Protein chains: 2
Amino acid sequence: MSSSRQESLIDRCKHHGLRITGQRRVILEVLDASDDHPDVEELHRRVSAIEPGVNIATVYRTMNKLAEQGLIERHQFDDGRLRYEPAPEEHHDHFINVETGEVIEFRSDEIEDLQEEIARKYGFEIVSHKLELYVRRRKGH
Amino acid sequence: MSSSRQESLIDRCKHHGLRITGQRRVILEVLDASDDHPDVEELHRRVSAIEPGVNIATVYRTMNKLAEQGLIERHQFDDGRLRYEPAPEEHHDHFINVETGEVIEFRSDEIEDLQEEIARKYGFEIVSHKLELYVRRRKGH
DNA sequence: ATTGCAAGTGCAATGCATTCGCATTTATAA
DNA sequence: TTATAAATGCGAATGCATTGCACTTGCAAT
């Protein structure tokens with residue numbers, strides 16, 4: 001499971017007034033079981049493996065609805081596709097391994113603090129932010 | 001001019017073996033005179049004001065060629081469109097004012113250093129990175 | 001100055017991810 | 001059980017960006 005969360009995505013959807021249909025149940029299960037940052041096509045592939053016949057437009061619409069409710073997070077890395085992950089308890093940023101495409105999460109309180117400080121210095125308050133480090137494995141490490 | 005640079009974009013193009021056509025000259029002038037982060041449509045609009053009849057596909061192709069040569073930088077903020085700026089001497093990051101859409105550049109050596117340090121800790125080396133702070137003006141400041 | 005040709009351009013067509021219109025089905029509250 | 005708003009399937013439409021092809025042009029070699 002992606003993150004140890006008290007409440008399942010399904011329950012959280014119910015509490016947000018979303019209907020739990022057969023397909024939605026499967027989509028939510030797939031999301032809950034995803035540790036990575038799949039795009040819609042990949043999600044559709046995983047859903048179809050469990051329950052064939054779900055239209056990809058349904059996956060798109062469901063992702064939009066969930067993101068609207070803040071139940072999932074939407075990312076767009078350099079390949080331009082929209083990718084999703086269940087909303088994390090705590091904000092984190094991402095490494096993207098440019099050689100493998102793999103996405104790794106990390107968190108740095110120092111960086112978070114520095115961002116706040118810089119924004120304040122400019123007279124801004126941060127609404128959200130995005131930090132992506134495109135990296136490769138260091139040789140000999 | 002966007003950044004005080006010794007050499008004009010036109011000269012840099014010549015040195016990279018790119019032909020300076022009539023349209024390209026105009027496109028490069030527009031780029032050089034841009035202080036913001038225009039997308040292709042906006043660039044096309046500015047170019048057309050000087051020299052009508054330049055096809056937007058030409059702007060797209062020119063941007064790709066320039067980016068290939070590292071003469072301009074390509075960005076993609078949350079609206080998903082590709083935006084461009086003349087390649088800066090020194091790397092910087094961006095505030096995006098969510099209320100106005102305005103893009104403001106900033107630079108922080110501390111953040112740059114922290115990123116390196118974190119990447120190293122994970123066994124990575126940074127190829128490139130992207131830090132975008134979506135902000136709004138603070139009230140009463 | 002002339003010429004040859006690779007590079008650049010216009011235009012329309014195409015690609016690709018995502019959204020939408022509309023008819024049909026379904027979850028849920030009454 | 002029923003009413004109805006929400007969800008779905010399907011194909012068409014959208015938006016941004018790229019490409020194929022015929023035509024033009026910059027520029028290096030003559």
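Only a predicted model underlies this, so the values are computations on that prediction, with no experimental measurement involved. Just so we're on the same page: letters track the sequence lines, and every chain starts at 1.
Straight-line distance from the CZ atom of R81(B) to the C1' atom of dT18(D): 16 Å, rounded to whole Å. Whole-Å rounding puts the Q76(A) CD to dA17(D) P distance at 11 Å. Between the CE atom of M63(A) and the C1' atom of dA17(C) there is a distance of 15 Å, rounded to whole Å. With rounding to whole Å, H44(B) atom NE2 is found 14 Å from dA17(D) atom P. The nearest whole Å value for the distance from the CD1 atom in I20(A) to the C1' atom in dT28(C) is 11 Å. Rounded to whole Å, atom P of dT19(C) lies 13 Å from atom CG of D39(A). Regarding K14(B), its NZ atom lies at a distance of 19 Å from the P atom of dA7(C), rounded to whole Å. The CD-P distance, from E68(B) to dT18(D), rounds to 11 Å in whole Å.
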Next item on the list: Using a 4.0 Å heavy-atom cut-off, write out nucleotides 8-14 of chain C from 5' to 3' as B (base contacted by protein), S (sugar-phosphate only) or - (no contact).
Entry: SBBB---

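When the side chains of ILVMFWY residues are joined at heavy-atom separations under 4.5 Å, either directly or via intervening members, I20(A) and I72(A) end up in a single hydrophobic cluster. Under a hydrophobic clustering in which Ile, Leu, Val, Met, Phe, Trp and Tyr are joined whenever their side-chain heavy atoms come within less than 4.5 Å, directly or via other members, L9(A) and Y60(A) fall into the same cluster.
At dA17(D), none of the side-chain N or O atoms of N64(B) fall inside 4.0 Å of OP1 or OP2 (strictly under the cut-off). At dT19(C), none of the side-chain N or O atoms of Y60(A) fall inside 4.0 Å of OP1 or OP2 (strictly under the cut-off).
In the model, E132(A) has no side-chain atom that pairs as donor or acceptor with a side-chain atom of H75(A) under 3.5 Å. When only modelled atom types and interatomic distance are considered, H92(A) and E85(A) share a side-chain donor-acceptor pair under 3.5 Å. For the residue pair E105(B)/H37(B), the side-chain donor-acceptor check at 3.5 Å is satisfied.
Between F95(B) and F106(B), the angle of the ring planes lies from 30° to 60°, which puts this pair in the tilted group.
Sorted by first then second residue, the salt bridge (charged side-chain N to carboxylate O under 4.0 Å, His left out) pairs that include residues 42-59 of chain B, not counting sequence neighbours, are D36(B)-R46(B), E41(B)-R45(B), E42(B)-R45(B), E42(B)-R46(B).
The two atoms that bring L43(A) and P38(A) nearest to each other are CD2-CG, 3.7 Å, heavy atoms only. Between N55(B) and A57(B), the shortest heavy-atom distance links the atoms OD1-N, 2.9 Å.
Terminal axes of the helix from dA1(C)-dT30(D) to dA30(C)-dT1(D) (five pairs each, C1' rotation axis) are separated by 30°, to the nearest 10°.
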